[in-house]
Amino acid sequence: MIDLERDLKINLLEKWNSGKVLILIGPRQVGKTTLIRSLCEAEGNYLFINGDDSEDRLLLENAGESKLRNLIGSHKTVFVDEAQRIANIGIILKIIHDQIKGVRVVVSGSSALEIANEINEPLTGRKWEFNLFPFTWSELLKHFGALQHFKNIPQYLLYGTYPEVITNVVDAENTLKQIAGSYLYKDLLQYQGIRKPEVLDKLLLALALQMGSEVNYNELSRTVGVDRATVEQYISLLEKAYVVFRHAPLARNVRNEMNTSRKIYFYDNGIRNAIIGNFKSLEFRQDVGALWENFMISERVKVLNYRKWHGRTYFWRTYQQQEIDWIEEIDGAFSAFEFKWNTKNFNKKFPKTFLDNYVIHQTMVVTPNNCDVFLLE
């Protein structure tokens with residue numbers, strides 16, 4: 001895996017000696033283990049427990065305080081990797097935190113759903129949670145330098161920014177097919193809510209083909225052959241597995257605003273393209289605009305998450321087909337953004353209806369020429 005400084009490292013170090021359990025959640029293969037190991041190794045004297053290893057899981061099975069003390073011994077840090085695979089992990093972490101003083105506990109997990117179910121109640125008031133995503137714009141900028149980084153934009157649109165893809169772009173397609181297959185489904189298919197893997201496949205393909213467009217749950221249910229409630233449940237699970245995320249409409253002041261639809265984006269362009277099986281060059285594609293929009297929005301989501309931003313995000317559309325791709329609201333003020341890959345002959349004006357009805361902080365058309373401002377401001 002590429003040796004690249006992660007933006008989240010600063011956030012983790014700020015809480016490293018807080019006395020609380022540190023929990024790092026994110027999709028598989030984004031570098032969670034690498035990041036935490038680097039911090040643990042800098043300290044030295046740490047115990048590594050791998051939740052994907054059956055022998056390690058057995059060590060913690062039904063472990064009480066006495067067994068845990070013997071297991072931890074003189075180690076000052078305990079790192080539990082892929083913790084969602086370990087039964088009763090929340091209770092185990094609570095015992096270590098409450099009863100075994102002077103031991104730092106760090107946990108990683110690939111399923112927000114299972115981690116939340118296991119640890120939320122036992123660790124109430126005892127934890128700090130963080131999310132790690134594929135490489136960010138700023139991380140890649142620092143690694144490649146500005147000139148090469150901007151030349152890489154077509155590569156990011158096609159293959160995304162998973163660490164193994166950035167490290168070995170020559171084999172990117174095979175890597176992404178593997179991640180979008182076994183790794184993507186590994187935790188989801190073990191969860192009891194997924195009873196029809198073939199439906200999940202159909203739903204993912206439908207979402208990938210509609211990426212960045214407004215989706216209709218009733219239409220999706222007809223497409224994949226299940227009821228609307230199952231569609232919504234599966235999309236929720238895909239969100240918790242860090243495959244997709246939903247984007248809600250802003251509808252507050254204007255009578256003609258649409259407020260029932262949702263947009264769905266992918267956390268990584270490469271995963272999306274692997275699902276539809278299309279890695280053609282940008283000049284041969286009809287979805288370049290959608291790829292650009294998805295890339296910019298997913299990168300912005302990472303930025304806001306790492307900054308612990310406390311505002312809300314939306315898209316905006318009226319029945320008269322006026323629309324804005326991305327809106328951020330914080331402290332009652334709105335920033336509006338449009339995403340344009342092709343900068344020739346496009347309208348830079350934002351809808352007057354929107355501007356007249358909301359308190360506007362900023363408007364911006366985000367293109368390949370100014371996207372660094374959007375992602376680094």
Side-chain angles (χ1 to χ4, degrees), residues 26-29 84 110-117 133-134 157-160 162 173-249 258-280 285-295 297-298 301 313-315 317 323 325:
R28 288 179 179 267
Q29 302 293 296
Q84 78 276 357
S110 297
S111 171
L113 177 72
E114 290 181 287
I115 287 286
N117 287 345
F133 302 100
L157 297 192
L158 290 177
Y159 302 118
Y162 266 78
E173 292 185 29
N174 289 331
T175 298
L176 286 164
K177 287 174 184 176
Q178 183 181 22
I179 295 173
S182 59
Y183 288 117
L184 187 66
Y185 300 144
K186 187 169 186 178
D187 294 309
L188 278 178
L189 295 182
Q190 290 168 348
Y191 178 68
Q192 61 181 357
I194 298 290
R195 298 183 179 88
K196 299 178 179 179
E198 69 281 0
V199 171
L200 187 65
D201 283 331
K202 290 180 182 177
L203 179 60
L204 267 172
L205 179 59
L207 294 176
L209 291 172
Q210 297 181 54
M211 179 184 70
S213 300
E214 293 168 59
V215 298
N216 182 298
Y217 291 147
N218 291 326
E219 183 180 308
L220 283 173
S221 71
R222 291 192 293 270
T223 299
V224 302
V226 295
D227 59 80
R228 176 186 171 128
T230 301
V231 166
E232 292 193 53
Q233 178 199 16
Y234 279 22
I235 290 175
S236 178
L237 294 174
L238 287 168
E239 284 188 293
K240 292 179 171 66
Y242 298 95
V243 181
V244 302
F245 57 93
R246 280 177 277 196
H247 195 38
M258 300 177 68
N259 61 4
T260 57
S261 57
R262 296 289 184 274
K263 287 188 175 185
I264 294 182
Y265 295 94
F266 281 74
Y267 276 106
D268 186 79
N269 277 38
I271 295 297
R272 182 267 183 175
N273 288 331
I275 290 169
I276 67 172
N278 186 356
F279 292 101
K280 287 182 181 179
R285 303 183 70 112
Q286 300 298 313
D287 59 352
V288 181
L291 289 173
W292 175 246
E293 182 178 326
N294 191 86
F295 179 57
I297 288 178
S298 61
V301 166
T313 63
Y314 316 89
F315 71 93
R317 190 176 180 189
E323 58 184 318
D325 294 330

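Atom CG of L238 and atom CG of L203 lie 6.0 Å apart (nearest 0.5 Å). Remark: R285 CZ to N278 CG distance equals 3.5 Å, nearest 0.5 Å.
A salt bridge does not link K202 to E198: none of the charged side-chain nitrogens sits closer than 4.0 Å to a carboxylate oxygen. Salt bridge annotation for R262-E214: absent, with no cationic side-chain nitrogen under 4.0 angstrom from a carboxylate oxygen.
Checking L207, D201, V231 one by one against V224, the side chain to side chain contact (heavy atoms under 4.5 Å, CB included) holds for a single residue, V231.
Although no hydrogens or angles enter the test, the distance criterion places no donor-acceptor pair under 3.5 Å between the side chain of E232 and the main chain of Y217. Panel note: side chain N273, backbone L158; a donor-acceptor pair is recorded below 3.5 Å. With hydrogens and angles disregarded, no donor-acceptor distance shorter than 3.5 Å links the side chain of T230 to the backbone of V226. With hydrogens and angles disregarded, no donor-acceptor distance shorter than 3.5 Å links the side chain of Q29 to the backbone of I179. Checked by atom type and distance alone, the side chain of N269 never pairs as donor or acceptor with a backbone atom of G160 at under 3.5 Å.
Checked by atom type, the side-chain pair N216/R222 shows no donor-acceptor distance below 3.5 Å.
Contacts of Y314 classified as side chain to side chain donor-acceptor pair (under 3.5 Å), with partners at least two apart in sequence or in another chain: R252, R312, E329. Remark: M211 pairs with F266, R272, A290, L291, N294 by the side chain to side chain contact (heavy atoms under 4.5 Å, CB included) rule, at least two apart or across chains.
Residues P249 and R317 are not in side-chain contact: their nearest non-hydrogen atoms beyond the backbone lie 4.5 Å or more apart. Residues P134 and D268 have side chains in contact (heavy-atom distance under 4.5 Å, counting atoms from C-beta outward). Here the side chains of Y242 and R28 are not in contact, with every heavy-atom distance at 4.5 Å or above. H247 has its side chain out of reach of I264: every pair of non-hydrogen atoms, C-beta onward, lies at least 4.5 Å apart. In this structure the side chain of L176 reaches within 4.5 angstrom of the side chain of F279, judged on heavy atoms.
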Report the C-alpha distance between Y162 and T175 in whole Å, list the side-chain angles of each, state the deciding distance to 0.1 Å, and finish with yes or no for side chain to side chain contact (heavy atoms under 4.5 Å, CB included). CA-CA 9 Å; Y162 266 78; T175 298; over 6 Å; no
For the pair K263 and E293, evaluate side chain to side chain contact (heavy atoms under 4.5 Å, CB included) and give the outcome as yes or no after the intermediate values. CA-CA 12 Å; K263 287 188 175 185; E293 182 178 326; 3.9 Å; yes
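F245 and Y267 have tilted rings, their planes meeting at an angle from 30° to 60° on a 0 to 90° scale.
Closest heavy-atom contact between Q210 and L220: NE2-CD2, 3.5 Å. In terms of heavy atoms, I271 sits closest to A180 at CD1-N, 4.2 Å. Nearest heavy-atom pair across F315 and S261 is CZ-OG, 3.8 Å. Across all their heavy atoms, K177 and A274 have their closest contact at N-CB, 4.3 Å.
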